[in-house]
Amino acid sequence: MPTRPFTLGRSRPLSGDPGAAAARPFELPAHHLVTHGVVVGMTGSGKTGLVMVLVEEALRSGVPVLMIDVKGDLPNLLFTFPGVSPAEFEPWLDPSAAARDGRSTADVAAELAARWRAGLASSGLGPADVAALRACMAPRLLTPGTTAGEPIHVLSALEAPSSLWDEDEEAAREALSASLSLLLRLVGRDPDPARSREHVLLAHLAERRLRARRAAGLEALLADLAAPPIAAVGALAVDEFFAPKERQALARELNTLLASPTFATWRKGAPLDVAAWLAPQAGSGGGGGKTPAVIVSVAHLDDDERLLVLGLLFDQLLSWVRGLSGTSDLRALVVFDEVFGFLPPHPANPPTKRPLLALLKQARAFGVGVVLATQNPMDLDYKALSNAGAWFVGRLQTDADRERVVEGLSGADGGAGGVPAAALSATLKALPPRTFFVRDVHMQPPAFLAETRFSLSWLRGPVTRREVGRLVRSISPPPKAPVPTRDSLDPRRKYPDSTDDSLDPRRKYPDSTDDSLDPRRVYPNYKDDSLDPRRVYPESTDDSLDPRRASPDPTRAVHDPSSPARRAPVGPGGTVLLDPRHAPSAPPPARRSGAARADAGAPAPAAPPPAAPAPPPPPDGWRSLYAHAPAVAPEGFRYIPWVAASVIAHLRDTKLGVALNRSQLLAAPLLPDGKPDLSRIARLDPSLLSTAPAAGARFAELPAPLAKRATAQAAARALREHAYRTTEAAVAVHRELGLAQAEGEPLEAFAARCRAAAARLAAAEQQQVIGRFAPRIARLGERIAAAKARYDQAQAEVAALPGAVGAALLGLVAGRDTARRAGTQRDKATAKLERARQEWTEADAALRDLHAAQAAELSALEQLPLRAGEGIETKRLVPRKNDVEVAFVALAWAATLAGPA
């Protein structure tokens, strides 16, 4: 069944009335994108909006979409608010930005909701269309190398044998090569498949295993490095090709990587399986299928990691495409926004270029369309883009960009709708936002103007890593936690390889009964999902662990004590948030007497672990901090130990002169082995802690291993490592001007500063231009003056000599020889006069040309301040390991409601 056309907005002819009377609906048949599309346009042209509208229309038509997100804009697809109400917008607004404008987030949200409703109505859409889009798509937000979103097991080509070795050996080898390149890049080795000895050796070892249908994970490769199962590599013996000592060094580096907690994120998550990603999913309610909307975000990776990961992804995508049956309908759409650097002109050849070129040349036969978007068309390989049948060209400011696009449009199919090149260039320069010059080789006429419709998604801009996590939880809520049992709390179940049962609480507290480990027996009010802040604060949509974000209004936590929104979030062990504003206004219900329990048929719960009346001393070099106690009597609670670290991350870019400091107080509960529970790390407000405990409180024991210096140091290192992995900042920069956004500086102020700097630069360069042209202008002036003097002298000489009549009379009087000499002198003077006139004319013309050239350069420099905003880009700053320091480490004693000791 053919896919319905994509309704993208309104179109009008290139010539004629630009008003509404000439406009008509712009419907793009879906199969036109089988021959691929290109979207180009400067910042502010509406390029990302058009890309989002194409994605929305594909999903509404049931076409699966795979989106590659480099900048952080494409997750805006998940900002589809069915009600288009202020309450849906407000949780995603920046309170500090609203405060700088003197407004509340509620006011900003109301304005946004009204604007979006009006924009949708102008395009003939409404909240029902937004709700329908939300209901029909099955979104996934994949984030390789981090657990901010849904992680990807990018090394699955190594660790999972594939049938590709039997079906498409070349594709399997390319996927293996990309995985090994990424692996070597992570250990700082040469990742080049053709020149790196490490890559060649590992490829031989891994391929040998994969062809035998065995996994080639790091553990297996380390064993093969120690004792190679092959005798030679090429014409050399293994030991000659790669000496044993060098293999041992490589094995040590790979083993360090294998043991690194950071590397674990590259080895878990969804398998790198494009076919599974784009397979339709079962819907709910009516039983219809949902359309996959897969976003692969690499905005958090550095440039080299992006190239390697996306090269690996495109190799897998190409393998999937080649295994499909042929069709002329649009089967799937691949969208790559901000493709700059991934498909560069010759001779650059990054890992992404070869598979992208192959997709553009081959995917059309299998019904897979590719849409590429970029700001600067000069940075793309035009031989590859000549395969695109649909071009969407927004406003282009620079002459070079317009000339390149005009050349590409005119040369691809013999013309651009009959529009001359000069007229087309002028049209591209004057296009308003959200208006595009469209050239579709499948349409008649092939070229026209189109204004895109309003997007159903809220185009908020780039999302941060923290917001990615919130978005993932919003589209796939975490499963309900199972009720803890004594087996699940046994550390031997969590660490099956361990034979040490010293961590079993039943060994530490031999008096406790078998069922004392069940929190439901110790804490009758305990619920499975009590750790979910959304259950504790139903009115909040923010998942931040910062207590200030959990309830901005302190007065909201002191009313109805029976309301679940007012209870302290008690979890296993009775831990509460370290914020007195969320403490219960009444003590928890007292435990029933033994007789009452007997009547109810319930066994008596065991006493909690023993507690001391004084805080145990902290490890050497640590300090002690105490949470504000809950609003109950001191004997109604006790303190349990958390580890806290004050961490300072220095974010620097020396080239741009950017230096930011990010301070945070991180805390995590301590496990029985003295290690911090990294799955429950919280970011604390120092004002919620004090240096003295509450009188009368009791204290749980410190884990015994924490007395060892190495264990204490390891706990501090774990929090430092967490800060290193999760701290980042985004600043606006202008590389050409060497400027960076100052901390707290609004983007508008930074843009104004860039314009001012560009104006100063332009003024200085104008003076240089004037100084450079001045000597040549002066020389031409002197040349003109000399030519004029010679002309005046020659003219005087000609005037002094007799004319033709005078020469004839002179011949009658003085003789013919005298007349001949006079005629010769006159001819010479006339020739001299003509030469002087020619020199004067040429010098004057040269001077005019020189003035014109100077005026052109000065005019171009005058445009620099107006174009300063085009050079502004977002720079993602992450700290280096050496730039993360720990100011101090402390025991943060958390108040609990576990009852008296």
Side-chain angles (χ1 to χ4, degrees), residues 68 142-146 151-225 233 250-251 253-258 260 262-277 296 298 301-320 322 342 349-356 358:
I68 312 301
L142 304 173
T143 53
T146 179
I152 301 178
H153 192 327
V154 295
L155 299 180
S156 56
L158 276 175
E159 301 188 1
S162 171
S163 61
L164 280 177
W165 288 103
D166 299 326
E167 301 168 1
D168 191 341
E169 182 178 297
E170 180 182 355
R173 186 171 285 119
E174 288 167 353
L176 173 62
S177 176
S179 297
L180 291 175
S181 293
L182 177 61
L183 190 64
L184 292 172
R185 165 73 174 81
L186 292 173
V187 295
R189 295 277 186 146
D190 184 5
D192 191 311
R195 296 182 301 177
S196 169
R197 291 184 306 148
E198 296 91 337
H199 193 291
V200 172
L201 178 59
L202 290 175
H204 276 280
L205 297 175
E207 183 171 336
R208 176 180 175 275
R209 285 182 167 272
L210 293 172
R211 284 186 178 278
R213 299 287 183 172
R214 292 184 295 162
L218 263 182
E219 297 85 349
L221 293 179
L222 287 174
D224 287 348
L225 280 175
V233 178
L250 175 60
E253 293 176 7
L254 292 175
N255 185 66
T256 302
L257 180 66
L258 178 63
S260 169
T262 305
F263 179 64
T265 58
W266 295 94
R267 302 181 68 196
K268 65 182 179 181
L272 190 55
D273 187 351
V274 177
W277 295 352
V296 180
V298 294
L301 302 179
D302 62 35
D303 292 340
D304 290 337
E305 290 173 343
R306 289 177 184 177
L307 289 171
L308 290 169
V309 169
L310 291 184
L312 186 60
L313 171 62
F314 290 139
D315 276 322
Q316 293 286 338
L317 177 61
L318 185 60
S319 300
W320 171 70
R322 287 171 173 168
F342 299 93
N349 190 30
T352 53
K353 185 173 181 179
R354 181 197 52 77
L356 269 178

message = Under the rule for side chain to side chain donor-acceptor pair (under 3.5 Å), what residues qualify as partners of N255, not counting sequence neighbours?
response = none
inquiry  = Rounded at 0.5 Å granularity, tell me how far CG in L180 sits from CG in L308.
reply    = 11.0 Å
ask   = Can you tell if the side chain of L318 reaches within under 4.5 Å of the side chain of F314, non-hydrogen atoms only?
value = no
request  = With the side chain counted from C-beta on, respond yes when L201 and L250 share a heavy-atom pair under 4.5 Å apart, and no when they do not.
outcome  = no
task = Apply side chain to side chain contact (heavy atoms under 4.5 Å, CB included) to S196 and list each qualifying residue two or more places apart in sequence or on a separate chain.
result = L184, D190, E198, H199
remark   = The reported gap from CZ in R189 to CG in L254 (rounded to nearest 0.5 angstrom) is 8.0 Å
ask   = How long is the gap from CD1 on I68 to CG on L356, to the nearest 0.5 Å?
value = 9.0 Å
ask   = Can you tell me how far CG of L272 sits from CH2 of W277, rounded to the nearest 0.5 angstrom?
value = 4.5 Å
request  = Look up atom CG in L257 and atom CH2 in W266, then write down how far apart they are to the nearest 0.5 Å.
outcome  = 10.5 Å
ask   = If you take all heavy atoms of S179 and L155, which pair is closest and at what distance?
value = O-CD2, 3.7 Å
task = Carefully, step by step, assess L313 and V274 under the rule side-chain contact (heavy atoms from CB on, under 4.5 Å).
result = CA-CA 8 Å; L313 171 62; V274 177; 4.1 Å; yes
ask   = What distance separates D224 CG from L202 CG, expressed to the nearest 0.5 Å?
value = 9.5 Å
query = Considering all heavy atoms of both residues, which atom of S177 and which atom of P193 are nearest to each other, and what is their separation?
reply = OG-CG, 3.4 Å
inquiry  = Given 3.5 Å as the limit, does a donor-acceptor pair link the side chain of R209 with the main chain of R214, or not?
reply    = no
query = Less than 4.5 Å apart, any side-chain heavy atom of T352 and any of R306?
reply = no
key: Donor-acceptor under 3.5 Å (S319 side chain, D315 main chain)   = yes
query = So, for P144 and L301, which heavy atoms are closest and what is the spacing to 0.1 Å?
reply = O-CD2, 3.7 Å
message = Among residues at least two apart in sequence or on other chains, which ones pass side chain to side chain contact (heavy atoms under 4.5 Å, CB included) with L210?
response = W165, L176, A216
message = To check you understand the geometry: which heavy-atom pair defines the closest contact between E219 and L258, and what is its length?
response = OE2-CD1, 3.7 Å
query = Quick one: does H153's side chain have a donor or acceptor within less than 3.5 Å of a partner on R267's backbone?
reply = yes
query = What pair of heavy atoms forms the shortest contact from A270 to L142, and how long is it?
reply = CB-CD2, 4.4 Å
